[in-house]
J.: 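Handing you a structure now.
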Amino acid sequence: MSVSSQGAAQSDPTVQPVPASVVEQVDAADVTLSNPRRAVIALGSNLGNRLETLQGAIDALEDTPGLRVKAVSPVYETEPWGVEAGSQPSYFNAVVVVKTTLPPASLLERGHAIEEAFDRVRDERWGPRTIDVDIVAYADVISDDPVLTLPHPRAHQRAFVLAPWHDVEPEAQLPGHGSVADLLSDVGRDGVLPRADLELRLPE
């Protein structure tokens with residue numbers, strides 16, 4: 001199934017279905033990819049123009065050779081993780097589903113390059129950042145490689161990843177942890193605010 005936000009739109013009026021013409025364009029572009037793998041990428045920003053930065057990261061992913069963005073979630077606003085309340089601006093979070101021929105290590109390098117392009121600074125853990133690009137899952141790969149642990153080691157605990165992912169892929173499974181719907185039910189949606197007034201575009 002190409003873009004599953006169609007089904008999500010019926011249950012959540014804030015999720016806008018992707019026009020069929022756009023879906024067809026994205027699917028047509030896939031002929032350039034040989035045996036692509038599906039990957040899920042989480043984006044977050046709490047500095048600068050957060051929405052513009054998230055869109056810029058999505059566009060940069062689409063501009064990556066061997067990668068096509070297939071679905072873009074709604075935007076959620078969340079409080080920063082692991083820091084004192086009110087000490088940082090809130091985050092805008094989103095999830096994108098991509099098809100790619102890049103191996104996980106190359107996809108990670110591309111994510112880091114996008115972060116650097118937006119002047120991401122890694123001077124403190126849990127510090128504010130212009131953009132965070134995290135690989136949540138890559139196909140069904142399970143790996144404890146410390147450079148890139150798959151799936152993301154904390155994704156199953158984070159509503160700001162699970163909620164937007166569930167919007168675009170209601171039937172999704174997080175490898176090794178079960179269904180995203182069940183995981184989201186377990187952690188709840190406290191502190192994760194849907195921003196129906198904001199929208200990210202699926203690249204054309």
Side-chain angles (χ1 to χ4, degrees), residues 1-5 7-8 15 30 33 35-46 54 57-58 60-62 64 66-76 78-82 91-115 120 122 125-126 129 131-192 194 200 202:
M1 187 170 177
S2 303
V3 179
S4 54
S5 57
V15 181
D30 268 354
L33 302 182
N35 299 318
R37 311 296 291 276
R38 174 183 149 281
V40 179
I41 298 174
L43 303 174
S45 173
N46 77 330
L54 290 181
I58 292 166
L61 285 168
E62 176 67 16
T64 303
L67 187 151
R68 291 289 177 268
V69 176
K70 302 293 290 182
V72 178
S73 79
V75 178
Y76 283 80
T78 63
E79 290 304 310
W81 180 273
Y91 272 87
F92 284 176
N93 292 99
V95 161
V96 296
V97 179
V98 306
K99 291 284 188 71
T100 184
T101 54
L102 297 176
S106 297
L107 189 58
L108 178 67
E109 289 178 6
R110 180 58 175 162
H112 286 168
I114 292 171
E115 290 178 344
R120 160 75 187 269
R122 297 174 178 271
R125 191 179 191 195
W126 314 125
R129 65 284 309 264
I131 189 68
D132 219 356
V133 181
D134 285 329
I135 302 173
V136 176
Y138 182 97
D140 295 323
V141 174
I142 296 177
S143 168
D144 60 2
D145 184 331
V147 176
L148 177 57
T149 304
L150 290 170
H152 191 287
R154 292 174 294 278
H156 65 287
Q157 302 168 331
R158 292 182 168 177
F160 62 81
V161 172
L162 298 171
W165 186 6
H166 181 261
D167 283 337
V168 289
E169 291 193 314
E171 308 300 322
Q173 299 282 322
L174 182 63
H177 293 281
S179 80
V180 170
D182 289 344
L183 294 169
L184 179 58
S185 178
D186 288 343
V187 301
R189 292 175 176 264
D190 286 350
V192 181
L200 293 167
L202 187 70

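Keep in mind that this is a model prediction, so the values were computed, not measured.
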J.: Kindly indicate, with the supporting measurements, whether the criterion side-chain contact (heavy atoms from CB on, under 4.5 Å) is fulfilled by V161 and N93.
T.: CA-CA 8 Å; V161 172; N93 292 99; over 6 Å; no
J.: Could you tell me whether the side chain of E169 reaches within less than 4.5 Å of the side chain of V97, counting heavy atoms only?
T.: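 When only atoms from C-beta onward are counted, E169 and V97 do touch, with a gap below 4.5 Å.
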J.: Treating R110 as the side-chain partner and A60 as the backbone partner, does any N or O pair qualify as donor plus acceptor under 3.5 Å?
T.: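 Yes; judged by distance alone, with no hydrogens or angles, the pair exists.
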J.: Using side-chain heavy atoms (C-beta onward) and a distance below 4.5 Å, is K99 in contact with R37?
T.: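 No, their side chains stay 4.5 Å or more apart.
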J.: Minimum heavy-atom separation for A139 and P175, please, with both atom names.
T.: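 For A139 and P175, the tightest heavy-atom pair comes out as O-CG, 3.7 Å.
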J.: Taking only residues two or more places apart in sequence or in another chain, which ones pass ring pair (Phe, Tyr, Trp, His ring centres under 6.0 Å) with H156?
T.: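 Listed in chain order: H177.
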J.: Out of curiosity, L107 CG to I135 CD1, how far, rounded to the nearest 0.5 Å?
T.: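 That separation rounds to 4.0 Å.
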J.: Minimum heavy-atom separation for L148 to P104, with atom names?
T.: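 Looking at all heavy atoms of both residues, the closest pair is CD2-O, 3.5 Å.
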J.: Measure the CG-CG distance between L150 and D140 for me, rounded to the nearest 0.5 Å.
T.: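 With rounding to 0.5 Å, CG (L150) is 11.5 Å from CG (D140).
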J.: Side-chain contact, heavy-atom cut-off 4.5 Å: L61 with T100?
T.: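 In short, these two side chains do not touch, never coming nearer than 4.5 Å.
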J.: Would you say the side-chain atoms of E79 pair up with the backbone N or O of G191, donor to acceptor, closer than 3.5 Å?
T.: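 No; zero donor-acceptor contacts below 3.5 Å.
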J.: Please report the closest heavy-atom contact between Q173 and W165, naming both atoms and the distance.
T.: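 Heavy atoms only, the tightest pair is O-CH2, 3.8 Å.
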J.: Distance from L43 atom CG to S73 atom OG, nearest 0.5 Å?
T.: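 Answer rounded to 0.5 Å: 8.0 Å.
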J.: So which heavy atom on P170 is nearest to which on A181, and how close?
T.: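 Heavy atoms only, the tightest pair is O-CB, 4.2 Å.
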J.: With rounding to the nearest 0.5 angstrom, report the CG to OH distance, L102 to Y138.
T.: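 Reported to 0.5 Å precision, the distance equals 7.0 Å.
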J.: Looking at side-chain heavy atoms only, is the closest gap between N35 and T101 below 4.5 Å?
T.: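 Counting from C-beta outward, N35 and T101 never come under 4.5 Å.
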J.: Minimum heavy-atom separation for P164 and P74, please, with both atom names.
T.: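 Nearest heavy atoms, P164 then P74: CB-O, 4.2 Å.
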J.: Kindly compute the distance separating CD1 (I58) from CD1 (I114), expressed to the nearest 0.5 Å.
T.: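 These two atoms lie 10.0 Å from each other.
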J.: Once you round to the nearest 0.5 Å, how far does CD of Q157 lie from CG of D186?
T.: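 Q157 atom CD to D186 atom CG measures 11.0 Å (nearest 0.5 Å).
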J.: What closest approach, in Å, do A42 and V136 show between heavy atoms, and which atom pair accounts for it?
T.: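 For A42 and V136, the tightest heavy-atom pair comes out as CB-CG2, 3.6 Å.
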J.: Can you tell me if T78 uses its side chain to pair, donor with acceptor, with the backbone of V192 under 3.5 Å?
T.: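 Absent.
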J.: Counting heavy atoms not belonging to D145, are there more than 12 under 6.0 Å from its CG?
T.: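 Above 12, so yes.
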J.: Going by atom types only, do Y91 and D132 share a side-chain donor-acceptor pair under 3.5 Å?
T.: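 The criterion, which ignores hydrogens and geometry beyond distance, is not satisfied for D132 and Y91.
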J.: Mind checking what makes salt bridge (Lys or Arg N to Asp or Glu O under 4.0 Å) contact with R189, not counting sequence neighbours?
T.: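 For R189 there are no salt bridge (Lys or Arg N to Asp or Glu O under 4.0 Å) partners, ignoring immediate neighbours.
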